[in-house]
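Atoms considered below: every heavy atom in the structure, side chains included; atoms not considered: hydrogens, waters and symmetry mates. Labels below follow one simple rule: chain letters A, B, ... track the order of the sequence lines, proteins then strands, and each chain is numbered from 1.
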Amino acid sequence: MKSPAKSFAARVRKLNQPGAAGRMTALVIPYAWLALFFLLPLLIVLKISVAESVMGIPPYEPLLRLAENATVQIHLTFSNFVLLLRDDMYVVAYLNSVKIAAISTLVSVVVGYSMAYGIVSSPLRWRYLLLMLIIIPFWTSFLIRIYAMIGFLKDNGLVNNLLMSLGVIDQPLAIMYTPLAVYIGIVYSYLPFMILPIYAALERTDPSLLEAASDLGARPWKAFLRVTLPLSMPGVVAGSLLVFIPAVGEFVIPELLGGLGSPMIGKVLWAEFFNNRDWPVASAVAVAMLALLVVPVMMFDRFASRYFRGRS
Amino acid sequence: MNGRLPWFAISVLVLGYLFLYSPIVSLIFYSFNESRLVTVWAGFSTKWYGALMHNDALLSGAWLSLQIAFLTASVAVVLGTLAAFALIRFGNFRGRTLFAGMVTAPLVMPEVITGLSLLLLFVAMEGVLGWPERGMMTIVIAHATFATAYVTVVVQSRLGQIDMSLEEAAMDLGARPFKVVRVITLPLIWPAMLAGWLLAFTLSFDDLVIATFTSGPGAKTLPMEVFSSVRMGVSPQINALATIFIVVVTSMVVIANQVAFRRRA
Amino acid sequence: MAVGAGGIQDKPWTDPKAQPFVRIQGVTKYFDDVAAVNGVDLNICRGEFFALLGASGCGKTTLLRMLAGFETPSAGKIFIDGVDMADIPPYRRPVNMMFQSYALFPHMTVGQNVAFGLQQEDVAKPEIAERVAEMLELVQIGELARRKPDQLSGGQRQRVALARALIKRPKLVLLDEPLGALDRKLREHTQFELVNIQEKLGMTFVIVTHDQEEAMTMASRVCVMNAGMVEQVGTPSEVYEYPNSRFVADFIGTANLFDGVVTSSTASETRVHSADLDGEIVVGGGGTAAVGATVSVMVRPEKIQVVPDGSPAPSFNTACGQVREIAYLGDMSVYHVELPSGKRIQLSRTNLLHTADTQISWDHTVRFEWHPANGILLVI
């Protein structure tokens with residue numbers, strides 16, 4: 001029964017579980033992958049954001065350079081960040097992104113909550129279909145849905161044609177290429193991400209709690225405010241983070257729907273990188289964006305590890 | 001939550017679904033338009049679908065995207081399932097917090113940052129190692145990295161629901177750890193793995209931003225082709241393409257839900 | 001309370017030369033900084049039906065999982081049939097376990113579940129089929145072989161789990177709260193069945209339970225555990241009649257405990273003065289406590305008799321009190337009596353006549369007594 005490789009068996013036992021060798025492999029592979037392709041790239045961004053920009057490929061000065069006396073010299077510069085603060089364009093884009101993301105999130109909460117509540121309160125035989133109609137856009141191409149939005153909002157698009165044929169307006173409303181189009185686009189694209197977690201939270205709520213509340217004399221509106229709403233807050237928080245975080249860094253929506261009047265930080269980063277080929281400044285923009293998102297991302301992370309872990 | 005639906009709930013639902021679906025429906029409608037002008041109805045035609053079949057740029061983009069999505073989903077399912085095992089089954093190992101953070105953070109990382117950071121990594125690697133050449137491979141690596149996070153979440157929640165004593169019972173009856181995984185755990189989590197695979201495939205097939213950053217010369221994915229075409233203006237061929245896409249996705253979602261429904265019933 | 005028949009006649013544990021089948025030596029298990037099991041020494045004999053009894057969190061399940069190999073002891077050793085288990089993983093131990101949740105594989109039929117263990121040993125297919133059929137007959141679910149676990153009732157699931165744990169004819173069978181999920185009637189029925197199966201197959205069973213009645217009904221010996229440690233090991237009647245601590249006295253059945261000080265101690269009796277009682281307490285049997293020691297005297301409710309009105313009052317082990325509560329249980333009634341000292345005791349009487357309960361009612365004053373042999377001296 002005893003294997004000759006006793007020292008190995010002893011080591012395995014130290015890990016406290018059988019099959020330790022397999023477990024080690026199972027951990028090391030994804031760990032190494034994520035360290036190499038997620039963590040390291042972020043560190044490189046951080047590094048390049050404090051490098052000096054030069055012409056050439058790659059268009060930045062190496063941060064570490066072996067000097068002649070074999071000591072490592074570090075070329076640190078914060079000029080890229082100073083530029084971000086000095087130039088109005090960056091500050092405006094930064095603030096504008098936060099504003100657009102925050103307002104869109106708020107609108108999504110209101111619309112998403114109402115819809116999730118409507119789905120939960122509808123009869124069972126309808127619920128299946130209604131949920132499916134939320135899930136389908138969730139799986140449908142993001143780009144195609146934005147494209148559909150263009151056809152919907154533009155001067156001779158569906159909305160304007162409809163309103164003009166009804167005689168409500170006689171000139172097309174200029175919605176495309178305005179901040180309004182960006183708001184509509186974000187809410188439209190991310191609404192399923194808001195509805196699904198809220199729906200899940202509402203569906204889990206035990207109906208007898210509402211019965212108990214009304215038995216104790218709470219009117220329906222009071223019962224909603226004091227019981228349903230607090231119990232569904234985890235869903236609202238999850239949905240809000242799922243909308244706010246990607247909305248801040250959004251590129252496609254402001255690029256295709258927005259005009260020059262609504263710069264967003266994701267668009268600025270793209271332009272710095274692809275048009276100006278200024279990698280250090282693009283990296284500095286990325287770092288600034290990360291700094292903005294650190295708190296919401298960590299909130300999401302803590303939330304996710306509690307929420308997705310399941311009941312083991 | 002019972003009784004009749006209040007009127008405001010009904011109107012919210014009607015308005016909400018109108019908002020979600022009228023752009024899509026109008027897009028599908030105009031894909032059958034005879035006229036080149038997308039918004040003026042000039043009679044029924046399927047000619048844009050025919051034109052699509054001869055659009056080499058879109059076709060080769062679609063082929064590239066399919067290959068990338070297939071590879072991405074396959075890599076992500078392996079990595080994501082392993083990561084889910086580590087998070088659910090390995091207890092409190094050293095470095096767990098960092099690992100859990102790295103697994104979930106890509107879920108919410110803005111695409112521009114993921115794209116930029118990976119490109120900078122690939123450039124640096126190319127400078128030092130002479131590898132990888134940017135193109136299909138680098139897109140697959142980039143996509144697999146963020147798709148792994150989604151697969152992990154899906155598999156993790158299924159794995160968390162499985163009673164650990166099932167695996168212990170199998171081991172108690174003489175099955176070695178590897179066999180336990182093969183005959184007990186995998187059969188129980190494969191629906192989640194399949195869902196994860198489909199999710200990863202869709203995310204990869206759909207991605208524009210990360211692919212644009214990490215792609216090299218000559219590798220233009222379908223979303224990249226569509227994006228440059230849309231920038232030029234609305235085109236009925238894109239409507240036709242979008243319609244095909246929506247029909248495929250819708251029927252897959254419906255089938256998947258029917259299967260899941262029947263399994264549960 | 002019935003006493004299980006399993007191997008009780010031989011009492012192998014009383015033979016000093018016998019080699020114990022399972023030896024647990026100084027086993028301790030820490031989870032983080034908490035000792036779930038703390039320095040446990042136990043010997044279990046071949047063919048025993050051994051029960052680990054205790055409240056939840058007392059370490060009994062952890063001990064069982066260490067026998068199965070799912071937990072590794074932080075210190076100490078476990079031998080099964082003379083072999084040190086330290087390096088042996090669960091899948092190579094001659095041990096099978098029946099899980100509290102049953103842990104039936106949901107994607108396999110009943111037959112596949114039961115056959116699983118044999119398939120791991122490369123047993124020939126015809127033999128597997130034969131043994132599975134035989135085993136399903138033994139647990140009386142032969143007709144359910146093709147069902148899936150979610151198509152079974154709780155009692156049927158329990159039988160599948162048992163069959164699966166027995167099919168490999170393990171030397172040692174571990175049962176973690178095997179009857180916990182069954183309703184009362186089915187549980188009582190199954191208890192006897194389990195004992196019969198164990199005797200028929202001649203295997204050694206170790207069962208974990210928090211239900212003292214279950215442990216007493218089935219086990220040849222009971223090990224009472226508390227806070228990770230063994231409080232007492234003995235036959236069901238030993239732990240009930242002769243508990244060795246206040247904890248065991250209180251945990252097994254109901255105990256009336258009178259605290260006091262030893263006033264005299266001879267070879268035949270010990271006398272105790274207790275403020276709880278207005279008389280003296282006399283405990284028969286050899287004195288184990290020195291004069292002046294603080295002790296508790298434990299008396300079971302059924303061993304206390306009511307002195308009929310008009311009879312002469314005894315001179316010791318007696319008191320008067322007022323009846324405060326009556327629990328009528330059908331076969332017997334339990335009376336809570338408050339003594340003048342404020343102490344409450346319980347005494348029980350079998351309801352021999354239809355009208356038995358009419359003689360004692362609320363707020364009646366009753367006098368009671370007990371025989372010196374029925375008191376147990378517990379040194380605090």
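Contacts from residues 154-172 of chain C to chain B, taken as heavy-atom pairs separated by less than 4.5 Å, involve C/Arg164, C/Lys168 in sequence order. At a heavy-atom separation below 4.5 angstrom, chain B is approached by C/Ala103, C/Leu104, C/Phe105, C/Pro106, C/His107, C/Met108 within residues 102-113 of chain C. Identified by a heavy-atom distance below 4.5 Å to chain B, contributing residues of residues 173-183 of chain C are lacking entirely.
For the 3.5 Å distance criterion, the side chains of B/Ser165 and B/Asp163 qualify, holding a donor opposite an acceptor.
With a 4.5 Å cut-off on non-hydrogen atoms, B/Leu188 touches chain C through its side chain but not through its backbone. Heavy-atom distances place both the backbone and the side chain of B/Asp172 under 4.5 Å from chain C. Both the backbone and the side chain of B/Val183 come within contact range of chain C, each with at least one heavy atom under 4.5 Å from a heavy atom of that chain.
Taking the six-membered ring for Trp and the full ring otherwise, the centers of B/Phe205 and B/Phe70 sit at least 6.0 Å from each other.
Using the six-membered ring where Trp is involved, B/Phe146 and B/Tyr150 have ring planes that are perpendicular, over 60° apart on the 30 and 60° scheme. The aromatic rings of B/Phe201 and B/Trp197 sit parallel, their planes meeting at an angle under 30°, below the 60° perpendicular limit.
Between C/Val37 and C/Val27, the closest heavy-atom pair is CG1-O, 3.5 Å.
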Q. For B/Phe85 and B/Thr185, what are the C-alpha separation, side-chain angles and deciding distance, and is it a side-chain contact (heavy atoms from CB on, under 4.5 Å)?
A. CA-CA 10 Å; B/Phe85 263 96; B/Thr185 320; 3.4 Å; yes
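Contacts of B/Leu241 classified as side-chain contact (heavy atoms from CB on, under 4.5 Å), with partners at least two apart in sequence or in another chain: B/Leu52, B/Leu222, B/Val226.
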